Amino acid sequence: MATNGIGAAVRRREDYRFLTGGGTYTDDIDRPGQVYAAFVRSPHAHARIKGVDKASALKVKGVVAVLTGADVAADKIGGLPCGWLIHSKDGSPMKEPPHPILAADRVRYVGDALAVVIADSLAAAKDGAQALKVDYQPLPAVASIAAAERAGAQTVHDDVPGNQCYDWHLGDKAAVDAAFAKAAHVTKLDIVNNRLIPNAMEPRAAIGEFDRATDSYTLYTTTQNPHVIRLLMCAFVLQLPESKVRVVAPDVGGGFGSKIFHYAEEAVLTWAAKKIGKPIKWTSDRAEAFLTDAHGRDHVTKAELALDKSGKFLAMRVATKANMGAYLSTFASSVPTYLYATLLAGQYTTPVIYAEVKSVFTNTTPVDAYRGAGRPEATYVVERLVEMAARELKIDPAEIRRRNFITQFPYQTPVALAYDTGNYEATLGEALKVADYAGYAKRRDASKAKGKLRGVGFACYIEACGIAPSAVAGALGARAGLYETATVRFHPTGTVTVLTGSHAHGQGHETTFAQVVAEKLGVAYEAVEIVHGDTGRIPFGMGTYGSRSLAVGGTALAKACDKIVAKGKKVAAHLLEAAETDIEFKNGKFSVAGTDKGVGIGEVAFACYVPHKFPIDKVEPGLEESAFYDPANFTFPAGSYICEVEVDADTGTVEIQSFVACDDFGNIVNPLIVEGQVHGGLTQGIGQALTEGCVYAADGQLLSGSFMDYAMPRADHVPSYKVSTKVTPCTHNALGVKGCGEAGAIGAPAALMNAITDALAPLGVRDFQMPATPLRVWQAIQAARGSKLAAD
Amino acid sequence: MYDFAYHKPTNLADAAKLIGAKKDGRLLAGGQTLLPTMKQRLAQPSDLVDLAGVAELRGIKAEGGGVTVGAMTTHYAAHTSPELRKAIKALAKLAGGIGDPAVRNRGTLGGSIANADPAADYPAALVGLGATVNTNQRKIAADDFFKGLFETALKPGEIVLSVSFPAPKRAAYRKFANPASRYAIVGVFVAETANGVRVAVTGAGPKVFRATALEQALAKKFAPESLAGASVPAAGLNSDLHASAEYRAHLIGVMAKRAVAAALK
Amino acid sequence: MTITVNLTVNGQKVTRQVEARTLLVQLLREHLDLTGTHVGCDTSQCGACVVQVDGVSAKACTLLAAQCEGANVLTIEGLAKDGKLHPMQEAFREHHGLQCGFCTPGMVMSALDIVRRHPSPDEATIRKELEGNLCRCTGYHNIVKAVAAGAKAMRG
């Protein structure tokens, strides 16, 4: 291993700039002559727009222009597209109502933009937005799945009867029904997977710019995937040649999925920049972010697990309803289907599984992928069911899992996925050891002695990362490729620039990707520079989502490095006057096998750019290689989490006493960064289970619309974590890596809720819904006491 | 934020004159609530009169078995004041639990009570200790000061100079904080004073109030067990995302018991 | 209303004409080009904007520039000297106490305020004292470690 190569806990090179205030986030950028945009957003969850009086805003000092949905329509601007077509059970395509970038005749959620006011200062733009007179005719709103499905409910879109986007299913229903019919035991749960608001700490921002001299556009934006934004905006919305549009994602302050999507503001600013003739900047404030960043989760599920007498799983049946919000966001349709139901086998040999998923439109903010995207929802269903079954059958929760673990790989699940590798016993065994599960009873008694209820909960999750291959995804409805790209560019004096299609917004690619190159090419880590986030510099790439960067982007990078070595061998053979087949490459040196003759990769690079002595008849000068990598399969990270809590029954307060995570991410490039990803994911998962609840009033007003009402996990909500890893390398990518970005958020909610319900079981509480706020815990206890009294 | 005219008087007389002359003027103390409100365009003062330069509003003085705390005393200064800690430890501790460290460095006693947020901490201490609010025009008993939701007995242009807190025999404050905002879902200040037991509750109703049933229960014996059976009815208490009225009523009992136990320690 | 503010920022005396409604964070970011201080919310909750004013932490989004007349302001840009990180910054780097970097300046500035009040903070103290700072990336685990290590380094 090179000192700073694969496996080393290299301290991040990004950190100096972030620690000294030298990062460049979108809002830190100012363009010459820049003006400012403020969006006018609907205060109603549903209303007809009867009129917009532009003059009311135009007379505000400093206002330059007001553009409305009517202007968008007049310019024949397209709507925001959805990137995944789902077909219903009956074969019909999902409903895809138009999603205009500014609403012209109807607004469909609080925050839906209908106009933009552009002014020479931000304050003037906000003054103008506030002054703009809009004549709304309020309409009835449906703000929840239940309300949208009610007979005779108001439709969010006229051509979507019953508000149903699709009615999809997966699995063998008949086989599942048959298995349930002969089961010794059936465990049932009603589950609400609570809606979440992503809240990356950096609010979204964008600057649209048009250069009249070259007839070209630049969009600076807070995105996780600049090429995807460029593609969608050019091909579907603005009908511009991609060659004339550059999208730059500079330093981005966290994404968690919410910055994958193509948002209306990006297209509006790009379009308006040409109309106004000036760069236009917009920065979301937090209140706006709460209303307009795509939300996450929001499932309602009925789940059943059939078991035999010994606790063997026979079948699983799941019926889920998913809230899409008012419009289909970029990948919304795929989240509760292919990213969810396909994961319902978990780590177990459940032979047959059937899932049906209905998704509906509501008068709420669009819902899309949020850290984990479908997989946390699936894990929550599986792991809550499994733990509940263990309780009902009085089998130890670790033991029931062991009895059902998949142990033979590759393993074909009944829900389409084929796991390549894994060792679930290893991660569970390690977690049990670290958690001192054997000593749990003692700790429970100690808690009891001080008046607290203690509980322990497990979650053994699986996730599917690096979604692929493109051909299969395409057959299932994906409208994009799922590969990644990398270019490795040697410079004449031996330093290297890497251009990657992956994007980092906290993940540390500038460090880890340089480690990969240092390892593969034997160059100094310091000599490798990583460039990402600018379509003007990098090759076409799909960006970062679904824990894919290392597994897909890193593999593309490894392949590009392999191509460099292959070409380098030809050049080295010429320089060393040997046969190419005799050249070996190791630790940055090409040498002739069995001799001490050799030449360093730096010298080879120099020869490539100063080709005086060069095999010009066989290879071209220069040393730069690109690779596109389209994976053969998903990767399947998995792990075991064990959580212990103490509950204060007097107040309903839950305190996490310990949280143990043992994950299998395959090979690890930088353990420091991997641990950091786990810590962050766990805290987001704990946030979902403990503090975070997005609440809409029945009329569609967002009640949890600021940090005053939406409880983000803070430092004192969470403990120091005990994290460790076990390694079964991925079998189908060159680095043997699987991805680690979402694991914590996937496994934590189930572990925590299992622990809390375990703690409350002695009081007669069976289950209740996330988040386990003090109020909910107290109410669950009261309800249990009430029913106990009634029973007595 | 709407624009406004900014003034920074250097003495009380000038401050009074300035605020008296501006119909839509507001006094600016620490600004930790006023400025966020203005940022959201929920308030549109024509003028802000910054009290930071007014020397008469500063200082903490122990006198006659009580403490007088200047209106512009920051929560941090109150929390760390040796005089205050010695005279009324519960009050110093309460100040250390308001907002967060950076907010405590700017937020002030005067600003907090003049704002009269129904979930703020200080009002519980004022009412719980039977304090007196000293203004540039008069003295107002705490029981008469808090009138309703964000509403006080202060007249337009009246400036809080200080608050005089009589030292209790024993006292303690227990807050059940909103996990998001950190304001009190329920905060209970209990004090055994020369004039009897006082129990003040913040966060639970439209304004801080005294829980007379709990006071009566504790009057017999100032001990947690005295509260068994005593309760505050849920009717009229706040009900929101974070807590139902029933839950708040329950928490008042729990926090009161814990406060009494802490006061006895 | 336009006002003139005079203050010292990171050791430099500065004078700027600004609207009365200008917040300290706007003065720093828009008038002095010190973009290391960030804005992450509008309710004074997130702490991305924490700076020091006269030696103590303050949320620069909840403070008017006008209130800082004559004040001594220290921002994240003023911590490293001659390219060498302050011990607290170094501790954050060493312990991977940051990911996307957006909350980081406020975290570091709040960490310094914690050390001012608690020279040897234990884990519980650090977690409690970070209540005014939100981070969505790190889960706080490594921030807590970094603050403890930074405090230790500052004690020497």
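Quick caveat: nothing in here was measured; it's all calculated off a predicted structure. Every chain is numbered from 1 and lettered A, B, ... according to where its sequence line falls, protein lines coming before strand lines.
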Between [X] and [Y] (side chain of the first, backbone of the second, donor and acceptor by atom type, cut-off under 3.5 Å), is there such a pair?
X        : Y        : answer
C:His141 : A:Tyr721 : yes
A:Tyr16  : C:Gly83  : yes
C:Tyr140 : A:Pro713 : yes
C:Arg136 : A:Ala200 : no

With side-chain contact (heavy atoms from CB on, under 4.5 Å) as the criterion, how do A:Arg714 and C:Gln45 come out once you've worked through the C-alpha distance, each side chain's angles and the decisive distance to 0.1 Å? CA-CA 11 Å; A:Arg714 284 180 160 93; C:Gln45 298 271 313; 3.2 Å; yes
Atom pair [atom1] ([X]) and [atom2] ([Y]), whose distance is rounded to the nearest 0.5 Å:
X        : Y        : atom1 : atom2 : answer
C:Thr125 : A:Asp716 : OG1   : CG    : 11.5 Å
A:Met708 : C:Ser44  : CE    : OG    : 8.0 Å
C:Asp42  : A:Phe290 : CG    : CZ    : 9.0 Å

Decide yes or no for [X] and [Y]: does some side-chain heavy atom of the first lie under 4.5 Å from some side-chain heavy atom of the second?
X        : Y        : answer
C:Glu123 : A:Ser720 : yes
C:Cys46  : A:Met201 : yes
A:Phe256 : C:Cys137 : yes
C:Leu85  : A:Thr20  : yes
A:Pro203 : C:Phe102 : yes
C:Arg93  : A:Arg12  : no
A:Val718 : C:Arg127 : yes

Between C:Gln99 and A:Glu14: side-chain donor-acceptor atoms closer than 3.5 Å: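 There is no such pair (donor and acceptor under 3.5 Å, judged by atom type) between the side chains of C:Gln99 and A:Glu14.
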Would C:Thr104 and A:Leu19 count as a side-chain contact (heavy atoms from CB on, under 4.5 Å) here? Give the steps. CA-CA 7 Å; C:Thr104 307; A:Leu19 281 163; 3.6 Å; yes
Counting heavy-atom pairs under 4.5 Å with chain A, which one of [options] comes out on top?
options                               : result
C:Ala124, C:Gly132, C:Ala48, C:Gly101 : C:Gly101
C:Gly139, C:Cys100, C:Gly36           : C:Cys100
C:Leu130, C:Leu134, C:Thr43           : C:Leu134

C:Ala80, part contacting chain A, at a heavy-atom distance under 4.5 Å: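 Just the side chain, heavy atoms under 4.5 Å.
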Might you point out which heavy atoms bring A:Leu672 and C:His96 nearest each other, and give the distance in Å?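 So the two residues come closest at O-CD2, 3.2 Å.
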Parallel, tilted or perpendicular, as decided by the 30° and 60° cut-offs, for the rings of C:His38 and A:Tyr25: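 Judged by the thresholds at 30° and 60°, the geometry between A:Tyr25 and C:His38 is perpendicular.
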Before you tell me yes or no, could you show the steps for C:Arg29 and A:Asp27 under side-chain contact (heavy atoms from CB on, under 4.5 Å), namely the whole-Å CA-CA distance, both residues' side-chain angles and the distance that decides it to 0.1 Å? CA-CA 10 Å; C:Arg29 290 182 56 80; A:Asp27 188 55; 2.8 Å; yes
Using only non-hydrogen atoms and a strict under-4.5 angstrom cutoff, which residues of residues 10-25 of chain C touch chain A? C:Arg21
